[in-house]
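In what follows, a single structure is set out as structure tokens and then discussed.
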Protein chains: 2
Amino acid sequence: MERHTRQRQALIDALTHSGHALSPPEILARAQAAVPSLNLSTVYRQLKALHDARKIVRVDLPGQPARFEALCHEAQAAKRGHHHHYFHCSDCDRVYPIHACPGRMAHLAPPGFEVQRHDLTLHGRCAGCATGH
Amino acid sequence: MERHTRQRQALIDALTHSGHALSPPEILARAQAAVPSLNLSTVYRQLKALHDARKIVRVDLPGQPARFEALCHEAQAAKRGHHHHYFHCSDCDRVYPIHACPGRMAHLAPPGFEVQRHDLTLHGRCAGCATGH
DNA sequence: GTGGATGCAAACTCTTTGCACCTTG
DNA sequence: CAAGGTGCAAAGAGTTTGCATCCAC
């Protein structure tokens with residue numbers, strides 16, 4: 001992450017301008033609008049670099065390929081990925097962040113288990129799909 | 001799922017006798033104790049058949065390879081996979097079912113979103129690992 | 001005996017890596 | 001011009017599939 005390249009910028013733009021998390025192939029397709037020669041390997045390498053630099057978040061949902069999301073400026077300034085969860089639309093397959101959390105879940109685990117964190121994924125239909133597209 | 005074969009039985013035994021969810025390679029290793037010639041392809045085919053027959057549950061955790069769990073007899077009799085969640089131990093990497101649920105989560109989604117179901121994964125240390133192995 | 005199940009190898013998806021070439025600073 | 005980044009192709013995990021052989025019924 002030392003040099004500024006067109007491919008990195010195209011990638012960041014693609015993530016920033018999308019309202020939802022994108023998969024590596026989706027990122028490739030969108031970023032290729034700006035840099036047609038862009039390669040999937042470069043996408044993966046940049047994603048890793050941006051993730052290590054805490055500029056993007058990896059969104060892993062159960063049984064699904066990884067998606068990535070741009071970190072908002074407030075979160076980047078705070079130097080921490082704000083804790084949040086995701087909504088997966090079973091119609092359009094998009095993933096939306098949810099800025100709410102049901103709270104600590106430690107009481108759900110059996111006695112003796114130390115709960116450190118939790119992941120929550122909601123499934124259903126997003127507002128767009130629910131209203132008949 | 002029409003014939004009874006040694007490999008299917010070995011696979012079912014491996015899943016039934018384990019206290020936690022197993023990955024396909026783990027299932028292969030355990031079932032090969034009974035049927036040494038057992039092949040990974042057969043494991044995958046049997047897992048698919050058993051899953052379609054509602055005899056096992058697929059456990060997908062975010063960012064992790066699939067695991068499988070035997071359905072308890074009550075659940076099989078009820079013809080439905082009882083709704084539950086999982087605890088993932090970051091020390092021993094085992095996955096334990098949790099027979100508790102925080103309840104409906106519909107209120108966490110933005111207005112207009114229809115929540116149909118949710119997945120919850122707890123992460124931390126299991127009782128065995130927390131007490132110093 | 002026959003069709004479903006198995007074993008093996010090849011194919012497929014997703015992701016990572018080696019290496020020569022190109023580009024940024 | 002030197003180091004880091006890129007593109008391409010090959011290599012890895014995890015999973016699926018085609019096909020000849022095998023074996024449960």
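Lettering follows sequence order; numbering is per chain, from 1.
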Original post:
Can you list the steps and then say if B:H85 with B:D119 is a side-chain hydrogen bond (donor to acceptor under 3.5 Å, both in side chains)?
Top reply: CA-CA 7 Å; B:H85 301 302; B:D119 292 329; 5.8 Å; no
Subject >> A:H4 NE2 to D:dA3 C1', straight-line distance once rounded to whole Å >> reply: 18 Å
Original post:
Using the benzene-type ring in the case of Trp, are the ring centres of A:F87 and B:F113 under 6.0 Å apart?
Top reply: yes
**OP:** Starting at the 5' end of nucleotides 14-23 of chain D, put B wherever the base has a protein heavy atom under 4.0 Å, S where only the sugar-phosphate does, and a dash everywhere else.
**Re:** SBBBB----B
Extract all donor-acceptor atom pairs below 3.5 Å that involve side chains of residues 3-10 of chain A and protein atoms in other chains or at least two apart in sequence.
from: A:H4; atom 1: NE2; to: A:Q9; atom 2: OE1; distance (Å): 3.2
from: A:T5; atom 1: OG1; to: A:R8; atom 2: N; distance (Å): 3.2
from: A:R8; atom 1: NH1; to: A:R3; atom 2: O; distance (Å): 3.0
from: A:R8; atom 1: NH2; to: A:Q46; atom 2: OE1; distance (Å): 3.2
from: A:Q9; atom 1: NE2; to: A:D13; atom 2: OD1; distance (Å): 3.0

Original post:
Roughly how many Å is it from CD in A:Q32 to C1' in D:dG7, rounded to a whole number?
Top reply: 12 Å
Original post:
Counting just side-chain N and O atoms, does A:T5 come under 4.0 Å of either OP1 or OP2 of D:dG5?
Top reply: no
Original post:
Quick one: do A:V57 and A:L120 end up in the same hydrophobic cluster if we chain Ile, Leu, Val, Met, Phe, Trp and Tyr together by side-chain heavy atoms under 4.5 Å apart?
Top reply: no
**OP:** Could you please spell out the steps behind the side chain to side chain contact (heavy atoms under 4.5 Å, CB included) verdict for B:I56 and B:L71?
**Re:** CA-CA 5 Å; B:I56 62 175; B:L71 220 50; 5.9 Å; no
**OP:** Before giving the answer on side-chain hydrogen bond (donor to acceptor under 3.5 Å, both in side chains), spell out for A:E69 and A:H20 the whole-Å C-alpha distance, their side-chain angles and the decisive distance to 0.1 Å.
**Re:** CA-CA 7 Å; A:E69 197 187 34; A:H20 58 274; over 6 Å; no
Original post:
So which heavy atom on B:R125 is nearest to which on B:C89, and how close?
Top reply: CA-SG, 3.8 Å
Original post:
Hey, where on DNA chain C does chain A first and last touch, going 5' to 3'? Cut-off is any atom under 4.0 Å from a heavy atom.
Top reply: C:dC14 to C:dG25
Original post:
For B:Q7 and A:R8, take the nucleotide of DNA chain D holding the closest heavy atom to each; which residue's nucleotide lies nearer the 5' end?
Top reply: A:R8
Original post:
Can a salt bridge be assigned to the pair B:R54 and B:D52 using a cut-off of 4.0 Å between side-chain N and carboxylate O?
Top reply: no
